[in-house]
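These values consider heavy atoms only, across backbone and side chains, with no hydrogens, waters or symmetry-generated copies. Chain identifiers are assigned alphabetically (A, B, ...) following the order of the sequence lines, protein sequences preceding nucleic acid strands; residue numbering begins at 1 within each chain. Since the model is a prediction, treat every value here as computed from it, not as a measurement.
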Amino acid sequence: MDFALSDDQTLLAEQLEGVMGSLSTLTRVRRHADARAEMFAADLWEGMTRFGIPGLLVPEAYGGLGLDILDAAVVAEVLGRHVVPAPFLGPVVAAPLAIGWGGSGAIKSRLLPRLAGGELRIGLAWSSPAGERNGEAVIERSGRLTGTCPFAIDIAGSEMIVVGSRDGRFHLVDRAAEGLSVTPVTTVDRTRSVAALVLDDVAAEGLALSPSDRLRLDYALQVMLAADLLGSGSRLLESAVEYAKARHQFGRPIGSFQAVQHLCADMAAELEPGRALLWYAAHGLDAGLPDAGESALHAKAYLADAARMASRKAVEVHGGIGITDELGLHYWFKRVTWSGQAFGGAIRTRERVACLHNAAVLPQRGAA
Amino acid sequence: MDFALSDDQTLLAEQLEGVMGSLSTLTRVRRHADARAEMFAADLWEGMTRFGIPGLLVPEAYGGLGLDILDAAVVAEVLGRHVVPAPFLGPVVAAPLAIGWGGSGAIKSRLLPRLAGGELRIGLAWSSPAGERNGEAVIERSGRLTGTCPFAIDIAGSEMIVVGSRDGRFHLVDRAAEGLSVTPVTTVDRTRSVAALVLDDVAAEGLALSPSDRLRLDYALQVMLAADLLGSGSRLLESAVEYAKARHQFGRPIGSFQAVQHLCADMAAELEPGRALLWYAAHGLDAGLPDAGESALHAKAYLADAARMASRKAVEVHGGIGITDELGLHYWFKRVTWSGQAFGGAIRTRERVACLHNAAVLPQRGAA
Amino acid sequence: MDLSYTPEQEQFRAEVRQFLVEHKADIPAHFGVNRPSDAARAWQRLLIAQGYAARNVPVAYGGAGQPHDIMRAQIIADEFAVARAPLGLVNQGISMLVPTLLELGTEAQKRDWIAPTLRGDVVWCQGYSEPGAGSDLASLTTRAVEDGDDFVINGQKIWTTTAHGADMMFALIRTEPDAPNKYLGISYLIFSMKSPGIEVRPLRTMTGAAEFNEVFLTDVRVPKSQIVGERGQGWKVSNSTLKHERGMLGDPNAALARMRNLLALMTAQSTDGVAIMDMPVFRDRAMRLQGRALAMKCHAMRLLTAADKGEDLPLARMIVKLQATELNHEIATLAVDVLGEAGLAYDDEAHMRANEIWQKRYMFDLGMIIGGGTAQIQRNIIAERGLGLPRELKPARPTAA
Amino acid sequence: MDLSYTPEQEQFRAEVRQFLVEHKADIPAHFGVNRPSDAARAWQRLLIAQGYAARNVPVAYGGAGQPHDIMRAQIIADEFAVARAPLGLVNQGISMLVPTLLELGTEAQKRDWIAPTLRGDVVWCQGYSEPGAGSDLASLTTRAVEDGDDFVINGQKIWTTTAHGADMMFALIRTEPDAPNKYLGISYLIFSMKSPGIEVRPLRTMTGAAEFNEVFLTDVRVPKSQIVGERGQGWKVSNSTLKHERGMLGDPNAALARMRNLLALMTAQSTDGVAIMDMPVFRDRAMRLQGRALAMKCHAMRLLTAADKGEDLPLARMIVKLQATELNHEIATLAVDVLGEAGLAYDDEAHMRANEIWQKRYMFDLGMIIGGGTAQIQRNIIAERGLGLPRELKPARPTAA
């Protein structure tokens with residue numbers, strides 16, 4: 001038994017940490033966030049492409065690295081640490097998995113190599129894990145899609161979109177398809193690209209994922225969000241610790257005050273077990289463990305809560321400066337807010353565990 | 001507007017505080033708690049009787065003091081402060097109100113003067129506010145009662161019992177009635193008398209409370225529990241503060257450590273608004289304010305949470321000694337546990353507010 | 001307990017209502033961003049004349065000259081809230097500087113500044129905090145040296161609201177570097193924001209707005225006559241000001257109003273066809289917060305009664321900031337959770353839609369937990385001054401004089 | 001990540017399983033209350049002979065003499081847990097004294113005490129804490145003065161478990177009153193509980209049981225040869241013992257097992273005809289705790305792997321006590337809430353029914369949050385040693401040597 005990252009994974013994390021540390025600087029993030037237009041961070045995507053990230057989950061036969069969910073989670077954690085304002089969940093996770101598991105041979109040959117090379121980016125329009133909000137959904141009829149998806153991600157700079165329909169199936173839609181209208185949505189986290197889609201009888205190519213693969217895709221995305229939360233939450237803790245060491249009040253570093261010490265200790269105590277839970281959940285999806293789904297949902301819910309707690313306490317440790325743009329702490333705070341809510345908040349996610357976990361418990365309508 | 005206790009109420013509290021401080025000492029409480037037999041604290045009841053407490057809510061026409069719910073709440077708070085191991089909710093609150101509001105003239109003349117004088121004590125068997133547990137309930141048929149009540153209170157030393165039946169009505173039963181079997185139940189709080197009743201076709205005298213009076217009785221009891229919680233919770237805070245001043249570690253009083261200071265500050269910050277909420281709820285019942293029911297339930301739920309928090313933090317401030325019998329802190333801890341759960345815990349109580357508060361929200365089965 | 005009002009008070013309430021009906025048209029539509037609009041100043045003058053604003057300030061200084069009457073003040077506040085009418089100008093000049101001048105200013109200072117401040121003709125900003133002096137405010141280093149009849153100030157202030165629109169600043173400046181401890185040696189100075197050497201830079205916060213500024217002071221000259229109170233006693237002077245500030249925090253009516261909005265949101269929003277209000281986990285959290293809001297409302301009524309009787313309830317008073325700011329933040333947090341993915345939408349203030357306001361509050365209210373004494377400092381104050389626990393080795397702030 | 005075991009490890013697991021099947025009849029029904037029963041001691045001898053207990057203690061001192069192998073140790077623990085078979089004796093003599101003697105004892109001390117302790121023939125109790133020395137353990141005042149070849153001890157110890165059944169005590173005693181600081185001047189002594197001058201008084205706790213004792217020491221004579229480690233160096237010696245104690249805390253398998261029991265309870269109990277498990281507010285809390293229990297289980301596996309590789313993860317290690325004790329308490333708290341009025345029933349241990357155990361745990365687990373370093377002390381340790389924050393002005397405890 002070896003409950004740890006492999007040497008390769010550790011190396012991957014360290015090297016990517018270096019790359020992202022130099023590319024996704026606070027200045028760069030701020031510039032991205034301040035732009036009002038639809039955003040695609042070409043330079044950061046370029047950096048990710050040089051590192052091979054677009055091909056992480058693309059099979060080697062199609063020119064990718066053919067790595068595991070756990071490897072992708074390691075990457076997602078680093079992206080969260082550096083609030084990297086580049087697409088990831090759509091083109092690097094959802095699209096390769098959905099196409100790899102459900103695409104025809106022709107589609108795979110056509111798209112996967114371009115995905116792996118980073119030249120093709122595919123967004124994701126799929127709100128079902130967060131629940132159908134106020135009746136908004138996409139309906140498939142005779143291979144064509146109609147409806148709305150209020151929370152489509154990684155659309156900026158994408159050529160295609162993976163769209164989930166109300167019946168749980170996935171489809172490929174061309175970004176330029178007739179009947180598709182895209183309205184960028186500014187969210188609190190400006191490092192993520194979100195858009196609202198309206199589809200009016202839009203042509204689509206079906207992806208034939210099995211029901212269990214649809215769930216695996218769902219769980220893989222929850223794990224990526226959990227990893228992002230761990231990354232940004234850990235960075236918030238580190239910032240708080242650094243600040244508490246450096247900042248002096250009353251003639252001593254504020255980190256020598258028990259109240260500040262305990263804020264930091266609580267953050268660490270909450271985040272640290274989330275790391276092991278995340279590894280277990282990601283590995284469970286790779287190894288096909290029977291509790292993989294439960295673990296993935298637990299990881300998302302646990303880290304949504306833990307990172308939110310860290311985001312609040314880190315701001316408290318920083319005091320006034322924490323709510324300003326001065327140190328940019330708020331970019332991490334907002335990334336945590338976004339990742340915690342996207343694809344279902346902690347409460348809804350736990351309710352999904354309850355339904356999975358105990359077959360004797362009927363799914364209740366009355367839980368969000 | 002005068003949002004405060006009256007001078008009379010303040011005097012009542014102060015004087016009773018003196019009496020109970022000298023009667024319900026830790027030694028006395030410990031002796032009561034250590035007794036294994038069914039418990040009636042005759043000496044404490046005698047002290048309460050000298051003070052006029054049994055007649056608090058009995059109209060003056062029947063020899064009582066004819067005071068208000070708020071006065072009774074003031075008394076309940078003092079009883080909670082001193083974890084007084086004597087009956088109260090049954091003979092002093094439920095029985096006078098149920099008989100006063102629902103008894104025939106004959107019953108009132110027969111029972112109220114004896115209640116006011118303290119010579120008649122009446123227990124309470126009524127579990128409906130906490131919900132019907134695992135199907136246990138009392139059924140009325142042709143004026144006779146059959147069924148079980150697992151959580152009847154103030155039964156020790158009682159001559160009669162007010163019994164609530166599944167249909168929401170109240171009945172008077174003789175403690176010696178044929179078909180009634182009483183099994184004392186030891187609870188975690190040994191300052192309270194609890195018994196499980198089994199009724200097999202037991203003769204009963206009906207009390208004709210209107211539906212709104214039944215609710216008022218319910219709310220009055222929730223207010224009394226809230227007051228008891230405030231009393232025991234406040235005392236736990238005071239004990240923690242005293243101990244934190246006196247106990248030295250590392251060459252200084254532990255109360256000078258920020259961690260200990262903040263434990264105490266949080267207790268105070270939670271408990272203090274509960275005091276105003278309690279007054280408002282009790283006064284609302286007296287004055288017939290439209291939000292009286294909502295306020296009473298909020299007061300119970302709020303103080304159940306606040307006092308539980310205080311009970312835990314007070315033990316933490318005391319450290320090891322807090323979990324021993326040495327200072328008797330656990331009597332307050334346990335009283336808080338009991339009062340918080342009796343007649344419905346915080347979650348169930350809040351669900352009742354939701355049903356009351358927003359008529360548009362249908363009562364949901366799925367809430368405890 | 002008596003929640004009714006005297007006939008005289010009810011009569012007064014009727015008068016206030018009548019006034020609000022009659023002057024509905026005078027209520028200013030816009031109050032102005034950095035400076036009060038003309039309409040706002042006209043409204044303010046009307047309220048002073050009517051005795052509703054600047055109630056206790058003597059007529060000689062431009063106030064309404066009414067006797068202290070907390071109940072009448074509350075009636076005015078309640079009726080204005082019901083009518084959604086602004087109760088005149090709310091700014092730091094009126095809430096902090098005016099009471100300080102009334103207490104400690106010279107006769108000339110009172111005559112010069114109080115009336116125009118009350119009327120909104122002179123706008124003030126506050127210069128207390130510095131980048132290196134937050135919780136430990138008394139360690140401030142902005143200093144003034146004597147030069148003839150002037151002080152010459154150098155240093156930097158931060159967290160200055162409305163600095164852009166302000167005419168004047170009231171500030172804490174270190175004038176006696178050799179004082180025996182850091183609390184002594186500070187003076188309370190007032191000076192024009194038009195003075196040469198003042199630069200104002202907006203400080204952008206996490207909400208995206210610039211609610212605060214930094215103010216850089218380089219060789220700013222201030223006549224010595226513009227000191228308020230004794231030289232070197234500015235710490236004491238400012239504590240009297242802070243005392244006035246505390247009353248501004250934690251309006252329980254606002255928390256209850258927010259709860260109503262939140263409950264409406266939960267009724268309107270649905271997931272998978274079920275209204276959020278019908279989801280017990282969210283509903284329980286909402287009811288818990290409603291109970292807390294109600295408790296804070298009752299708590300405020302208790303404090304009001306005590307104040308009316310001239311009694312102080314120190315512990316009850318000290319917990320308000322901690323509990324009220326936390327409650328507001330929790331209400332916003334629940335709203336963010338209720339809105340789910342939809343609640344992530346966020347724009348800057350100009351384009352903000354109805355639901356986005358919750359995401360803004362979630363962040364802004366966290367700032368309120370920190371501003372004006374962090375939650376940690378509040379707990380120290382409650383423990384040491386409210387509960388009488390022994391002082392921390394290094395106290396957070398000395399006991400107010 | 002590789003959650004599989006090597007073929008050799010799986011072979012070893014099979015052997016352990018086989019052993020447990022073959023020796024099912026030898027599993028003692030009762031372990032004894034204050035002292036191990038004969039059956040428990042026989043089981044312990046069997047486990048040592050088999051190499052399952054006292055694994056790493058040399059054969060010369062009565063141990064199994066196995067090489068360090070954390071994976072095998074975990075396999076043994078897992079298989080015994082599955083079979084619900086006790087993994088030999090668990091007491092402070094074995095977990096704390098034996099490792100200390102192995103590290104710092106004289107050859108004679110090792111020969112005299114280790115083997116009978118491992119066999120359960122000699123039972124030990126711990127004499128560290130005193131009424132005035134809790135979190136600040138080093139301020140202990142129980143003192144020993146020299147008298148010929150003996151020390152003569154006077155003072156009082158507290159929180160002593162199994163003092164009634166114990167043969168021996170290992171204790172921290174102040175032997176050098178003039179040492180330069182409180183940490184020096186303490187010696188680690190071992191002595192018989194039959195010594196004249198020892199009085200044991202049970203200390204009743206809130207659960208109603210007497211899990212602890214006070215031990216009064218009056219002119220207790222101890223030969224000087226019964227000092228472990230250097231004279232005056234007892235603080236260091238005890239820190240090596242405390243290091244061993246920490247491993248005993250926070251078994252994540254136990255938390256998961258409790259969660260299963262709680263979920264069964266929630267399925268069985270109903271209110272108004274609805275199973276508690278179908279009530280979303282309770283179910284959400286249960287799922288949250290299940291997620292936490294799973295996280296702690298994974299965290300333990302991560303620590304186990306690190307230990308197997310000889311790596312230390314200080315921060316990950318330091319949080320275990322804080323998180324595990326809090327989790328256990330929260331599980332019990334939810335159970336108490338689930339049981340409602342019915343959960344208030346409580347008797348002393350002899351009469352306790354199945355559901356009453358939760359109310360007991362609710363209180364006992366709060367004690368665990370406090371015992372062995374309160375949650376506040378744990379947070380100090382995490383902040384200062386785990387995160388490298390500067391020391392508090394007065395440190396909670398000096399860094400372990």
_chain D contacts, top residue of A/Ala299, A/Ala4, A/Ala282, A/Ala287 (heavy-atom pairs, under 4.5 Å)_ = A/Ala4

*Side chain, backbone, both or neither: which part of D/Gln378 has a non-hydrogen atom closer than 4.5 Å to chain A?*
neither

*asked:* Rounded at 0.5 Å granularity, tell me how far CG in D/Asp284 sits from CZ in A/Arg348.
replied: 13.0 Å

*Would you give the length of the straight line joining atom CG of A/Asp2 to atom OG1 of D/Thr6, rounded to the nearest 0.5 angstrom?*
12.0 Å

*Once you round to the nearest 0.5 Å, how far does CE of A/Met1 lie from CD of D/Gln74?*
7.0 Å

*Contacting region of D/Leu3 [heavy-atom separation from chain A under 4.5 Å]*: both

*asked:* Does any part of the side chain of D/Arg391, heavy atoms only, come nearer than 4.5 Å to the side chain of A/Ser256, both counted from C-beta?
replied: no

*asked:* Can you confirm whether A/Arg275 sits close enough to D/Arg302 that some side-chain heavy atom of one is under 4.5 Å from a side-chain heavy atom of the other?
replied: yes

*What's the spacing between D/Met301 CE and A/Leu277 CG if we round to 0.5 Å?*
9.5 Å

*Side chain to side chain, D/Gln290 and A/Glu294, heavy atoms closer than 4.5 Å*: yes

*Side chain from CB out, backbone as N, CA, C, O: work out which of these in D/Lys309 comes under 4.5 Å of a heavy atom of chain A, or both, or neither.*
side chain

_Is a donor from one side chain sitting under 3.5 angstrom from an acceptor on the other, for A/Glu272 and D/His299?_
no

*Pairs in or reaching into residues 281-292 of chain A: which pass side-chain hydrogen bond (donor to acceptor under 3.5 Å, both in side chains), with residues at least two apart or in two chains?*
A/Tyr280-A/Asp291

*Under the ring pair (Phe, Tyr, Trp, His ring centres under 6.0 Å) rule, collect the residues that match up with D/Trp358, sequence neighbours excluded.*
none

*Take A/Arg350 and D/Arg283, measure what side chain to side chain contact (heavy atoms under 4.5 Å, CB included) needs, and give me the verdict at the end.*
CA-CA 9 Å; A/Arg350 282 195 292 267; D/Arg283 189 169 56 206; over 6 Å; no

*Just how far is it from atom OG1 of A/Thr349 to atom CZ of D/Arg288, taken to the nearest 0.5 Å?*
14.5 Å

*Looking at D/Ala316, D/Ala295, D/Ser4, D/Ala275, which has the largest count of heavy-atom pairs under 4.5 Å with chain A?*
D/Ala295

*Measure across D/Leu387 and A/Val241 and return the closest heavy-atom pair with its distance rounded to 0.1 Å.*
O-CG1, 3.6 Å

*asked:* Does atom NE2 (A/His248) have a neighbourhood of more than 12 heavy atoms from anything else shown, all under 6.0 Å?
replied: yes

*Would the number of heavy atoms belonging to other residues, nucleotides or ligands and lying under 6.0 Å from CG of A/Asp7 be above 12?*
no

*What option among A/Gly274, A/Ala276, A/Ala301 has the most heavy-atom pairs under 4.5 Å with chain D?*
A/Ala276

*So do the side chains of D/Met287 and A/Leu297 get within less than 4.5 Å of each other, counting heavy atoms only?*
no

*Are the side chains of D/Arg379 and A/Gln261 in touch, meaning some heavy atoms are under 4.5 Å apart?*
no

*Checking heavy atoms, do the side chain of D/Leu303, its backbone, both or neither come under 4.5 Å from chain A?*
neither

*With a 4.5 angstrom heavy-atom cut-off, which part of A/Leu289 approaches chain D: side chain, backbone, both or neither?*
side chain

_Quick check for you: to the nearest 0.5 Å, what is the distance between A/Gln258 atom CD and D/Leu389 atom CG?_
12.0 Å

*Could you tell me which residues in residues 262-271 of chain A have at least one non-hydrogen atom under 4.5 Å from a non-hydrogen atom of chain D, sorted by residue number?*
A/His262, A/Cys264, A/Ala265, A/Asp266, A/Ala268, A/Ala269, A/Glu270

*Is it the backbone or the side chain of D/Met1 that comes under 4.5 Å from a heavy atom of chain A, or both, or neither?*
both

_So A/Phe3 and D/Cys298, do their side chains get closer than 4.5 Å, heavy atoms only?_
yes

*Partner residues of D/Tyr362 under the ring pair (Phe, Tyr, Trp, His ring centres under 6.0 Å) criterion, sequence neighbours left out*: B/Phe333, D/His329

